[in-house]
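Predicted model only: the values in this text are computed from it and were never measured. Letters go in sequence order (proteins before strands), and every chain restarts at 1.
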Protein chains: 2
Amino acid sequence: MQLHKRDVVEAATTLLDSFGIADLTMRRLARELDVSPGALYWHFANKQQLLGAVADRILESVADADGPWRVRIGRLCTGLRDALLSHTDGAELVSASFAAGQSQRMTELLGHLTDAAVDAGVPVGQAELAARTVVYYVLGFTVDEQSRLQWDAAGAELPDEQSALTDDATARFRFGVEVLLNGMSVAEREPMLD
Amino acid sequence: MQLHKRDVVEAATTLLDSFGIADLTMRRLARELDVSPGALYWHFANKQQLLGAVADRILESVADADGPWRVRIGRLCTGLRDALLSHTDGAELVSASFAAGQSQRMTELLGHLTDAAVDAGVPVGQAELAARTVVYYVLGFTVDEQSRLQWDAAGAELPDEQSALTDDATARFRFGVEVLLNGMSVAEREPMLD
DNA sequence: ACCTGAACACCGTTCAAGT
DNA sequence: ACCTGAACACCGTTCAAGT
């Protein structure tokens, strides 16, 4: 029967989780779906666009909610990190899709962070930059974290040790978020040197 | 005559500047050097390692100097961004090499930023994270900036408009750096919410 | 409208064999 | 020690032709 966009994205996500981003190729995906490679190009203009759709699927669970700006940004960051960590190479894939401007959900998320930055007192002209700074941090941190995590997973694995490392990473992650929150809250104080 | 590592890196940089990262392939590089593709693998274990060497060459000009921690971090950030912008796809290449842990110079740079973070009063246990946060920002910002810059360069180009955009980007860049500096300087104040 | 088959123009990497 | 030649096992994308 007919191939639909969501079937393709579904199969791509499964492939990603099972074998990682290096094996998420158009040809391999087509094989998994029992279609010819060319069939995918009826539904997606190119690979970047398909990866963008996968990124959006990964980010489905990341929800916004209102509340004080610090709490709001904190939750968005945690939600984003959690979503990235729940798929093999999720951080790398979303990071690439964001840089390529192919993830609508990342654009939405950026919008929410921008609103929160305005609430924090960041001048509107710089609020999006403050939001981008937060996104750069979360993506950078999580790409790094996930690559170590997946590298370690190939070695010995005491489940205690695993979760201890994860908890430590969570605390470290939170600390970085605090640095950004504090920076935003004093965005107009402190004169520039140099 | 004999092929040396530095000849390979030199040719790779030229290729990068002329045609961008997508055309910086092992085969194309070998062709440019009039050797067979296999020859490159005598000098470099794989493509990642070669790109790491190119990244280090791009970062050659980024110098550290002592001074107050704010000034020091500010200069390192500016030096890094300038170096990235002076080669086609420089930000993307260095960003990938940093994530892959293949750039010694990025590791050095991280060390200097960590020292400065300690001077700022960040607890030593978190100083490297603060430094990484700065690096994530500079790389994220510049990858974004450079992709827009190179995209625009394909369109109409009044030289005035170009430099006006660059100046605006520089001011925006500085603002983001200030946010991080301010965040670091209050790293131990402000209670956590949530 | 949706897909196949086949081609085009490539990749990174390995490795026996040569000098 | 350093490099060639040739192979292995792939890629993303296009497009006439089919249904």
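We find that CZ of B:R31 is positioned 16 Å from C1' of D:dG5, with the value rounded to whole Å. As a whole-Å value, the separation of B:M26 CE from C:dT14 P is 10 Å. In this structure, NE2 of B:H4 is placed 14 Å from C1' of D:dC3, rounded to the nearest angstrom. For B:F44 and C:dT14, the CZ to P distance is 15 Å, given to the nearest whole Å. Per the geometry, CG belonging to A:D34 stands 13 Å off C1' belonging to C:dT4, to the nearest Å. In this structure, the OH atom of A:Y41 is 19 Å from the P atom of C:dA6, given to the nearest Å.
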Carefully, step by step, assess B:T114 and B:R132 under the rule side-chain hydrogen bond (donor to acceptor under 3.5 Å, both in side chains). CA-CA 8 Å; B:T114 304; B:R132 292 198 101 90; over 6 Å; no

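In this structure, B:S36 does not reach the D:dG5 phosphate: none of its side-chain N or O atoms is under 4.0 Å from OP1 or OP2. In terms of phosphate contacts, A:H43 brings no side-chain nitrogen or oxygen within less than 4.0 Å of OP1 or OP2 of C:dA1. Between A:W42 and C:dC3 there is no side-chain N or O to OP1 or OP2 distance below 4.0 Å.
A 3.5 Å limit on both hydrogen-bonding distances identifies D:dT19 as the Watson-Crick or G-U partner of C:dA1. Shown here, D:dA7 forms a base pair with C:dT13; the pair counts as Watson-Crick or G-U wobble because both key distances fall under 3.5 Å.
Within 6.0 Å of the CD atom in A:Q104, the count of heavy atoms belonging to other residues, nucleotides or ligands does not exceed 12.
In this pair, A:Y137 and A:F173 present their aromatic rings parallel. The plane angle is below 30°, not in the 30 to 60° band.
Among the nucleotides D:dG12, C:dC2, D:dA7, the one closest to any side-chain atom of A:Q2 is C:dC2. The listed nucleotides are D:dC8, C:dT14, D:dT13; the one nearest the side chain of B:R27 is D:dC8.
With hydrogens and angles ignored, the 3.5 Å screen pairs a side-chain donor or acceptor of B:Q146 with a backbone N or O of B:G90.
Map A:A39 and A:D23 each onto its nearest nucleotide of DNA chain D; the residue landing nearer the 5' end is A:D23.
On the C1' atoms, D:dA16 is 12 Å away from C:dC3, given to the nearest whole Å.
Between A:R148 and A:D144 there is a salt bridge, with a side-chain nitrogen of the basic residue lying less than 4.0 Å from a carboxylate oxygen of the acidic one.
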